[in-house]
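What follows is a short report on a single structure.
Here is the naming used below: chain letters follow the sequence lines, and residue numbers restart at 1 for every chain.
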Amino acid sequence: MQASTEARIESLLADLSDPQREAVTHTEGPLLILAGPGSGKTRVVTRRAAHLARTVTEPHHILAITFTNKAAREMQERVEMLDVGRGMTVSTFHAWCARLLRRYHQRAGVPPNFTIFDRQDRRKLLEEAIVSSELSTSNWPPRVVDSVISRAKNDMRTAGDFADGSADWERRTIARIYLAYEDLLTRRGGLDFDDLLMRVAMLLSKDSDLRAELEDRYRYVLVDEYQDTNAAQYLIARELTRRNKNLCATGDPDQSIYGWRGANIRNILSFEQDHPGAKVIRLEQNYRSTKRILAAADALIAGNVNRKIKTLWTQNEEGATVDVVELESGEEEAERVAGEIARQIRDGTRAGDVAVFYRINSLSRVIEEALIREGIAYQVARGVEFYNRKEIKDVLAYLRILINPADDTAMLRVINTPPRGIGPTTVQRLAQRARAGGRSIFELLRSGDDLSDVGRSAGKVGQFVELLGELAPALELGAREALEQVISRSGLRALYRGADGADSTPDANLDELISAASRFQQASPDATILDWLEHTALLSDVDTVRSEGGLVTLMTLHAAKGLEFPVVFVIGLEEGIIPFRRHEENEVDEEEERRLLFVGMTRAQKRLTLSHARYRMLRGRTDRTVRSPFLDELPRDQIEWSGAPAPSPRPSGTVEFRELPEDIAEWSAGTLVRHPLHGLGQILSLQRGSKWTLVDVEFQSGSRKTMAVEFAKLERVEFDEVG
DNA sequence: AATATTCCCGTTTTT
DNA sequence: CGGGAATATT
């Protein structure tokens, strides 16, 4: 018995490098694993969990928090393969928080049946809040207010303390909107994404009884992608491990790409100060990429000033050069990428091994079209889009209103969908009366109050309430039956059964929704409809990416984090796209953009191609582009340039200035000069700026160039020397 | 109430 | 360019 346990532990460590083994066998106290790309982090983390479960604790005392559901699922699977998975909690921050809030709803002060408001719901509510604050959405763009409030919540600032101490009028106005928004949200029994985190963080800091209970349950906590945690997540991790100190954080500061949504890279950088006695282990050997790919990525990230130096190395083969390709247009770029993929597939590459990454979603379209022309099957990581479709949201709204009668947002969506003769006037009256009575619309409707003054549609309203009453018991059924009942009896099925047959997708989507629900239930038989609803609300784009099935995968650079593919294309390497720049908003975090490209490049195992187009059509306009400055930071000896000249050789790091020529005083328009590359030319004009001396030169080749004398290797030539 | 039409918007990344 | 909202039309 004893011997076999030891053997099993030994097998957990057998094929690990020294630092990996050290990380796996660390048990007590804070641990930071700084894991470079492809350094076997997942393997270390799963082995460590298994090791803990075999040596010092039980699986159900372990909590592992990941960034996406996909990562959670994969980790769960891998831990189960090591035969210790049962009982271990593996979840995303958001999903875990949602579950906790339901379980401890009373202590958290939230309704047990709260609904999670998605981005659209939230936007709508915000618009309402703006209007009800007697402001206009044109002066206070919901988009902007939204991100400010979201940021505030991520930073743990409630509506109450958001404007505290600030004399800034704009800020105080947003605080008013924030307050109104919170009020609406509360009334509707809703929580938004950020609330899930903020509420739990607040709960854990205040409620020491609960904390003790959780600390007892979760004795070992692991937080993955720690570099992307925001203040709320940081607090949750800290509070959970206050007593036991067993926080294991894994991540890589060079892969921090969510600063824009409140992630604080400082969380990982100051882990050692925050957690005295922390052990730090660096995993720097890369098992994923070729030497050339790694060298290129490493050179790029070296351009960041604010970073902890890491030495990435690999024993993998040298591999092919990294390709940088310039094309004329986005269309040609897409054709080139699709053509190249087709060629590689003919040569034996599996389509599922290929991925195309882009900075902005709108770039996927051309690629998709080109892939279709080539007859290559692909998938786009855009799973959330499915749940944003009208017909899907309709169904979900029915479920929402049945689960949470306070959810007016859902009510307004379904009350006349499908059309049942309850027009805008009636709805408005109902909403008004509900508000006056401090109730939701559904609560008013089923209260039995006399609604005859509502008008002619009172009867229709009665029928609708009856319908909802009939549907309610369906929630107790299995997912499939429940959904089928709701869809058919609500009339949604009939509504979307394209009478003309022209467009049957909505109808098919309803079926797909039913299968998704029953798949979910199959995977977790104890789950309720509420659980499923929650699951759909917390789905991310990558979560829907299938690894089987042999499809080329298209996704944003953000979604690519944590994944790997043998063959990777990154498209749109143009100034303004990578690095992304938004007009009139100059606050671009160039270092974060560089990290983002770094993440993309380091996903590649064997082949990496970076491309850019000379002209790019965006939002209907075709513009001349400038290739991304990041391309010029790549080491020339690892790169194969095609379609465009390689950048002129430049000493690595800083730009070298030349002394001005001694005879510069004699230079003027008309002076003949020689340039090592362009040959003989004549100065057309010369101007001495405060910084540089600029000359316009016309060369014999006919080309005209403006160059700085401090840079250009120009030398003056006498007339008679030329003859 | 349903459909047709226009217009106007924004336009990064996402749990 | 394309989606969604507001507006016009029947």
Side-chain angles (χ1 to χ4, degrees), chain A residues 65-72 91-98 116-120 122-124 127 137-138 141-144 146-147 150-151 153-154 191-198 225 228-230 232-233 256-263 330 357-366 381-385 387-390 416-426 457 460 495 499 534-543 555-561 572 576-585 587-589 592-593 595-597 599-600 616-623:
Chain A
I65 297 181
T66 59
F67 205 70
T68 63
N69 293 294
K70 185 175 197 277
S91 178
T92 64
F93 261 113
H94 292 265
W96 187 76
C97 288
I116 297 172
F117 275 49
D118 68 20
R119 195 143 134 242
Q120 277 175 43
R122 175 178 162 137
R123 184 62 56 83
K124 279 250 168 63
E127 280 167 20
T137 50
S138 42
R143 218 196 126 37
V144 175
D146 191 356
S147 73
S150 172
R151 202 46 190 275
K153 289 188 174 185
N154 287 159
L191 293 181
D192 62 29
F193 290 135
D194 305 316
D195 286 332
L196 298 174
L197 303 177
M198 184 169 79
E225 307 286 10
D228 283 321
T229 51
N230 59 35
Q233 292 163 326
S256 162
I257 56 176
Y258 284 102
W260 53 273
R261 98 177 182 205
F357 303 149
Y358 33 80
R359 179 63 176 80
I360 49 180
N361 270 310
S362 56
L363 294 192
S364 80
R365 187 185 223 99
V366 265
R382 216 190 271 144
V384 172
E385 201 157 80
Y387 290 91
N388 282 334
R389 306 186 88 97
K390 192 156 62 73
N416 200 34
T417 313
R420 51 173 65 88
I422 306 177
T425 328
T426 308
S457 14
K460 308 273 177 74
L495 177 67
E534 183 167 294
H535 169 79
T536 64
L538 296 177
L539 222 49
S540 76
D541 281 338
V542 252
D543 292 336
M555 63 175 78
T556 63
L557 286 164
H558 281 90
K561 188 176 68 167
I577 298 180
I578 310 177
F580 185 82
R581 279 179 226 282
R582 199 154 141 188
H583 301 314
E584 293 168 34
E585 260 171 81
E587 36 169 325
V588 213
D589 187 342
E592 182 156 311
E593 295 295 310
R595 292 193 291 266
L596 190 54
L597 179 57
V599 166
R616 168 81 56 192
M617 186 167 78
L618 278 176
R619 52 178 193 269
R621 285 247 175 288
T622 300
D623 287 318

Among the nucleotides B:dT15, C:dA5, B:dT13, which one has an atom lying closest to any side-chain atom of A:Arg261? B:dT15

Excluding sequence neighbours, so at least two apart, what forms ring-ring contact (aromatic ring centres under 6.0 Å, His included) with A:His558? A:Tyr258, A:Trp260

Among A:Glu127, A:Arg151, A:Arg122, find the one that has a side-chain contact (heavy atoms from CB on, under 4.5 Å) with A:Asp146. A:Arg122

A:Asn361 side chain N/O closer than 4.0 Å to the phosphate oxygens (OP1, OP2) of B:dT13? yes

For B:dT15, does either OP1 or OP2 sit under 4.0 Å from a side-chain N or O belonging to A:Thr68? no

Given A:Thr426 and A:Lys460, is the side chain to side chain contact (heavy atoms under 4.5 Å, CB included) satisfied, shown in steps? CA-CA 10 Å; A:Thr426 308; A:Lys460 308 273 177 74; over 6 Å; no

Does OP1 or OP2 of B:dC9 have a side-chain N or O of A:Arg619 closer than 4.0 Å? no

Report yes or no: does A:Asn416 contribute a side-chain atom to a donor-acceptor pair with the main-chain N or O of A:Ile422 at less than 3.5 Å? yes

Can you tell which of B:dT13, C:dG2, B:dT15 lies closest to the side chain of A:Trp260? B:dT13

Round to the nearest Å and state the distance from A:Phe117 atom CZ to B:dT14 atom P. 23 Å

More 5' along DNA chain B: A:Phe193 or A:Gly421, using each one's nearest nucleotide? A:Gly421

Should A:Arg420 be listed as having a side-chain N or O under 4.0 Å from OP1 or OP2 of B:dA1? no

Length of the CG-P vector between A:Leu597 and B:dT13, whole Å: 17 Å

Pair A:Glu593 + A:Arg581, salt bridge at N-O below 4.0 Å: no

Side chain of A:Tyr258 - closest among B:dT14, B:dT15, C:dC1: B:dT14

Could you check which of B:dT11, B:dA2, B:dT14 has an atom nearest any side-chain atom of A:Arg143? B:dT11

Looking at every strand, decide which applies to A:Leu539 at a 4.0 Å heavy-atom threshold: base, sugar-phosphate, or nothing. sugar-phosphate

Mind calculating the distance between CD (A:Glu225) and C1' (B:dT14) to the nearest angstrom? 14 Å

Quick one: on DNA chain B, does A:Phe93 or A:Pro424 contact a more 5' nucleotide (nearest heavy atom)? A:Pro424

Between P of B:dT13 and CG of A:Asn230, the distance in whole Å: 20 Å

If only side-chain N and O atoms of A:Ser540 are considered, is one of them under 4.0 Å from the OP1 or OP2 phosphate oxygen of B:dT14? no

If you measure from the C1' atom in C:dG4 to the same atom in B:dT13, how many Å do you get, rounded? 22 Å

Between A:Phe67 (CZ) and B:dT13 (P), how many Å, whole number? 15 Å

Measure from CG on A:Asn388 to C1' on C:dG4 and round the result to the nearest Å. 13 Å

A:Arg621 atom CZ is separated from B:dG10 atom C1', nearest whole Å, by 14 Å

Length of the CZ-P vector between A:Arg359 and B:dT13, whole Å: 7 Å

Can you list everything that forms a ring-ring contact (aromatic ring centres under 6.0 Å, His included) with A:Phe117? Sequence neighbours excluded, please. none

